[in-house]
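Contents: one structure, followed by commentary.
Numbers for residues simply follow the sequence, beginning at 1. Because only heavy atoms are used, hydrogens play no part in the values below, and waters and symmetry mates are left out as well, while side chains stay in. Since the model is a prediction, treat every value here as computed from it, not as a measurement.
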Amino acid sequence: MALLKKNAKSFIKLISIICFLQVTALNGQLRVGFYSQRCHNVESIVSSVVKEASQREPRMPAMLLRLHFHDCFVQGCDGSILIDHVKQAEKNAFGHEGLEGFAEIQKAKTQLEAKCPGVVSCADIIALAARDAVVLAGGPFYEVETGRRDGRVSDLSFAAKMPEVDDSVEVLKEKFKTKGFTEKELVILSGAHTIGTTACFFMPKRLYNFTGKLDADPSINPKFLPELRRKCPKNGNINVRISLDNGSERKFDDQILHNIKNGFAVIASDARLYDDNITRAVVDSYLQPQSPNRNSSSFGKDFGLAMVKLGRLEVKTGLLGEIRKVCNSFNKK
C-alpha cells in the first residue's frame with residue numbers, strides 16, 4: 001500500500017513537471033542572446049545588411065525603424081506586416097501606406113537561412129534591423145531581446161486602429177494606451193520622426209482645410225507655413241517627399257521635440273503632442289537646460305527603453321507561431 005502511494009506521488013510529480021515544461025515552452029521568453037548557441041552571428045549578419053542598404057539608400061534607417069513600429073502595433077511583433085501572398089494582407093491597409101524596407105528584411109533572412117536554416121524568425125530580424133538603423137542614424141544602442149516567432153495571420157482589418165496622421169491627441173493617447181503605452185512613451189516613440197520623410201499625400205488637410213473652412217492648422221508657425229505649402233502645393237504631386245524633422249532628417253537627435261514646441265512640426269500628429277497638458281510637459285521636460293548632473297542623452301536613453309518595450313508587444317514565443325522559410329509567405333502546412 002505504501003509503495004502504491006509512493007508511486008502515485010511520483011507519477012503526479014512527473015505529470016506536474018511535464019505540464020510545467022509544456023507551459024514554459026508554450027509561453028516562451030524573449031531574452032538577449034536567444035540565438036547565441038544556434039546562430040551566433042545573427043546580429044552581425046543583420047547589421048551588415050542594414051549598413052549596406054543604408055549606404056545605398058539614405059532613407060533606409062527611417063524605413064526600417066518605421067517597419068518595426070508598424071509590425072508591432074498590429075497583432076504584436078510577429079512579422080505579419082511582411083506577408084504579401086494573401087488577398088487581404090495587412091501591409092495593404094491604409095495605415096501602412098508608404099512602408100518600405102521589405103526587401104532588406106528578406107535579404108537578411110536569405111543570408112541567415114544559408115547559415116542557420118529554420119532558426120531565426122523574420123520578426124526578430126525586423127527588431128534587430130530597427131535597432132541597427134537607429135544606431136546608424138546616430139541614435140542610442142540598446143540590447144534587442146530575441147526569441148519571437150512569426151505569426152500565421154495577416155489581415156488588413158486588424159490595422160484599423162493604427163495611429164493616423166490626423167488623429168487628435170486624445171485619440172492618439174487612447175490608441176497607445178490600448179497597447180500598454182503611457183503618454184510619455186507616446187511622445188518618445190513619436191520621436192522616431194527625428195529621422196525620415198513623409199509624403200505630401202498626408203499634408204492637404206493640415207495645410208489647406210484643417211477645420212473644413214479652407215484654413216491651415218493654426219499650430220503651424222507662420223514662418224513655416226509658406227515653406228510647407230511651397231513643398232506641398234494644393235493639388236500638387238502627392239508623392240513628393242519632405243523631411244519629417246525639418247532641418248535634421250538623417251540624424252537621430254531631439255530636434256523633433258524643438259520643432260514640435262516651436263510650431264515647426266511637419267505632420268499633424270506630431271504637432272498634436274503640444275495640444276495636451278501631459279504630452280506637452282513631456283516634450284518640455286526633454287528641452288530643459290541641462291544641469292551638470294543630468295544625462296544629456298536622456299531622450300536617447302528613454303527612446304531605447306521604449307523600443308525594448310515596443311519589441312515585447314504581444315509577441316509569439318515558444319510553441320506559438322512559426323519560423324518562416326521566407327518572410328513574405330507563411331510556411332506550407
(message) Check Lys205 with Asp217, please: is the shortest side-chain N to carboxylate O separation under 4.0 Å?
(response) no
(message) Aromatic contact between Phe303 and Tyr142, with the criterion being ring centroids under 6.0 Å apart: yes or no?
(response) no
(message) Can you tell whether the side chains of Glu104 and Arg56 come within less than 4.0 Å, N to carboxylate O?
(response) yes
(request) Examine distances only and state if a side-chain atom of Asn331 and a backbone atom of Ile323 form a donor-acceptor pair shorter than 3.5 Å. (result) yes
(message) Quick one: does any side-chain atom of Lys109 pair with a main-chain N or O of Val120 as donor and acceptor, under 3.5 Å?
(response) yes
(message) Could you tell me if Asp245 and His193 have a donor-acceptor pair between their side chains, going purely by distance under 3.5 Å?
(response) no
(message) Treating Arg59 as the side-chain partner and Ile195 as the backbone partner, does any N or O pair qualify as donor plus acceptor under 3.5 Å?
(response) no
(request) Taking the side chain as every heavy atom from C-beta outward, state whether Pro61 and Val134 have any pair of such atoms under 4.5 Å apart. (result) no
(request) Starting from the C-alpha separation in whole Å, work towards a yes-or-no answer on side chain to side chain contact (heavy atoms under 4.5 Å, CB included) for Leu67 and Leu82. (result) CA-CA 9 Å; Leu67 189 63; Leu82 304 173; 4.3 Å; yes
(request) Any chance you could measure Arg312, atom CZ, to Met307, atom CE, to the nearest 0.5 Å? (result) 12.5 Å
(message) A side-chain contact here means heavy atoms from C-beta on lying under 4.5 Å apart; do Ser269 and Asp167 qualify?
(response) no
(request) Please report the shortest heavy-atom distance between Ile81 and Phe102, naming the atom on each side. (result) O-CE2, 3.4 Å
(message) Do Asp84 and Asn92 make a side-chain contact, defined as non-hydrogen atoms from C-beta onward lying under 4.5 Å apart?
(response) no
(message) Treating Asn209 as the side-chain partner and Lys213 as the backbone partner, does any N or O pair qualify as donor plus acceptor under 3.5 Å?
(response) yes
(message) Given 3.5 Å as the limit, does a donor-acceptor pair link the side chain of Glu90 with the main chain of Leu156, or not?
(response) no
(message) Can you confirm if the aromatic rings of Phe158 and Phe73 lie within a centre distance of less than 6.0 Å?
(response) no
(request) Could you tell me whether the side chain of Ser190 reaches within less than 4.5 Å of the side chain of Leu273, counting heavy atoms only? (result) yes
(request) Starting at CG of Leu310, measure out to CG of Leu305 and round the result to the nearest 0.5 Å. (result) 12.5 Å
(message) In this structure, is the centre-to-centre distance between the rings of Phe330 and His85 below 6.0 Å?
(response) yes
(message) Between Glu170 and Arg272, does any NZ, NE, NH1 or NH2 come within less than 4.0 Å of an OD or OE carboxylate oxygen?
(response) no
(request) For residues Phe299 and Pro140, determine if any side-chain heavy atom of one lies less than 4.5 Å from a side-chain heavy atom of the other. (result) no
(message) If I take atom CD from residue Glu97 and atom OG1 from residue Thr198, how far apart are they, to the nearest 0.5 angstrom?
(response) 10.5 Å
(message) Looking at Arg152 and Glu322, is there a salt bridge between them, counting it only when a charged N and a carboxylate O are closer than 4.0 Å?
(response) yes
(request) Would you tell me whether Ser248 and Asp253 have side-chain atoms, one donor and one acceptor, within less than 3.5 Å of each other? (result) yes
(request) Would you indicate whether the side-chain heavy atoms of Lys91 and Ser154 approach each other to under 4.5 Å? (result) no
(request) For Asn237 and Cys200, work out which heavy atoms get closest and say how close. (result) O-CB, 3.8 Å
(request) Step by step, work out the side chain to side chain contact (heavy atoms under 4.5 Å, CB included) result for Thr197 and Glu249. (result) CA-CA 7 Å; Thr197 61; Glu249 72 172 75; 3.5 Å; yes
(message) So if I apply the salt bridge (charged side-chain N to carboxylate O under 4.0 Å, His left out) rule between Lys309 and each of Glu185, Glu145, Glu314, which one comes out positive?
(response) Glu185
(message) Quick one, Ile83 and Asn328 - any side-chain contact, counting heavy atoms below 4.5 Å?
(response) no
(message) To check you understand the geometry: which heavy-atom pair defines the closest contact between His68 and Ala130, and what is its length?
(response) CB-CB, 3.6 Å
(message) Can you tell me how far apart CD1 (Ile126) and SG (Cys72) are? Round to the nearest 0.5 Å.
(response) 7.5 Å
(request) Kindly work out whether a path of hydrophobic side-chain contacts (I/L/V/M/F/W/Y, heavy atoms less than 4.5 Å apart) joins Met203 to Phe94. (result) yes
(request) Give, for atom CG of Asp270 and atom CD1 of Ile260, the distance between the pair rounded to the nearest 0.5 Å. (result) 4.5 Å
(message) If we count only N and O atoms by modelled type, under 3.5 Å, do the side chains of Asp215 and Tyr208 hold a donor and an acceptor together?
(response) no
(request) Give a yes or no on whether a salt bridge exists between Asp78 and Arg149, defined as a side-chain N under 4.0 angstrom from a carboxylate O. (result) no
(request) Return yes if some donor-acceptor pair links the side-chain N/O of Asp71 with the main-chain N/O of Cys77 below 3.5 Å, else return no. (result) no
(request) Classify the side-chain pair Asn41/Tyr35 by whether it contains a donor and acceptor separated by less than 3.5 Å. (result) no
(message) Could you report the tightest heavy-atom contact between Val165 and Ala268, atom names first, then the distance?
(response) O-CB, 3.3 Å
(request) Check whether any side-chain heavy atom of Thr317 lies under 4.5 Å from a side-chain heavy atom of Gln29, and answer yes or no. (result) no
(request) Flag yes if Val42 and Val308 sit in one hydrophobic cluster, no otherwise; membership is Ile, Leu, Val, Met, Phe, Trp, Tyr, and two members link when side-chain heavy atoms are under 4.5 Å apart. (result) yes
(request) Evaluate the criterion side-chain hydrogen bond (donor to acceptor under 3.5 Å, both in side chains) for residue pair Asn259 and Gln255; output intermediate values, then yes/no. (result) CA-CA 6 Å; Asn259 289 344; Gln255 182 60 43; 3.0 Å; yes
(request) Output yes when a side-chain donor or acceptor of Asp132 lies under 3.5 Å from a complementary backbone atom of Val50, and no otherwise. (result) no
(message) If I compare all heavy atoms of Leu257 with all of Leu287, which pair ends up nearest, and what's the gap?
(response) O-CD1, 3.7 Å
(message) Using a 3.5 Å distance criterion without hydrogens, assess whether the side chain of Ser47 forms a donor-acceptor pair with backbone atoms of Glu43.
(response) no
(message) I'd like to know if the side chain of Ser48 pairs up with that of Glu52 as donor and acceptor (distance under 3.5 Å, no hydrogens or angles considered).
(response) no
(request) Dump the intermediate steps for side chain to side chain contact (heavy atoms under 4.5 Å, CB included) on Val266 and Phe224, then the final yes or no. (result) CA-CA 9 Å; Val266 173; Phe224 191 40; 4.0 Å; yes
(message) Once rounded to the nearest 0.5 Å, what's the spacing between atom CZ of Arg66 and atom NE2 of His96?
(response) 9.0 Å
(message) Strictly distance-based, threshold 3.5 Å: is any side-chain N or O of Arg229 a donor or acceptor partner for the main-chain N or O of Leu207?
(response) yes
(message) Same cluster or not: Leu313 versus Ile105, using hydrophobic residues (I, L, V, M, F, W, Y) connected whenever any side-chain heavy atoms lie under 4.5 Å apart?
(response) yes
(request) Specify the closest pair of heavy atoms between Ala271 and Ser219, including all atoms of both residues, with the distance to one decimal. (result) CB-OG, 3.7 Å
(request) Let me see the working for Glu183 and Thr279 under side-chain hydrogen bond (donor to acceptor under 3.5 Å, both in side chains), right down to the final yes or no. (result) CA-CA 6 Å; Glu183 288 93 343; Thr279 53; over 6 Å; no
(message) Donor-acceptor check, side chain of Asp150 to backbone of Cys122, threshold 3.5 angstrom: yes or no?
(response) yes
(request) Would you please test Glu57 and Met63 for side chain to side chain contact (heavy atoms under 4.5 Å, CB included) and show each step? (result) CA-CA 10 Å; Glu57 169 53 78; Met63 293 176 187; 3.8 Å; yes
(message) Is there a continuous path of hydrophobic side-chain contacts, each under 4.5 Å between heavy atoms, that joins Phe202 to Ile242?
(response) yes
(message) With a sphere of 6.0 Å drawn around NZ of Lys51, does it hold more than 12 non-hydrogen atoms of other residues, nucleotides or ligands?
(response) no
(request) Establish whether Val135 and Leu64 are linked, either directly or via other cluster members, by ILVMFWY side-chain heavy-atom contacts under 4.5 Å. (result) no
(request) Give a yes or no on whether a salt bridge exists between Asp166 and Arg206, defined as a side-chain N under 4.0 angstrom from a carboxylate O. (result) no
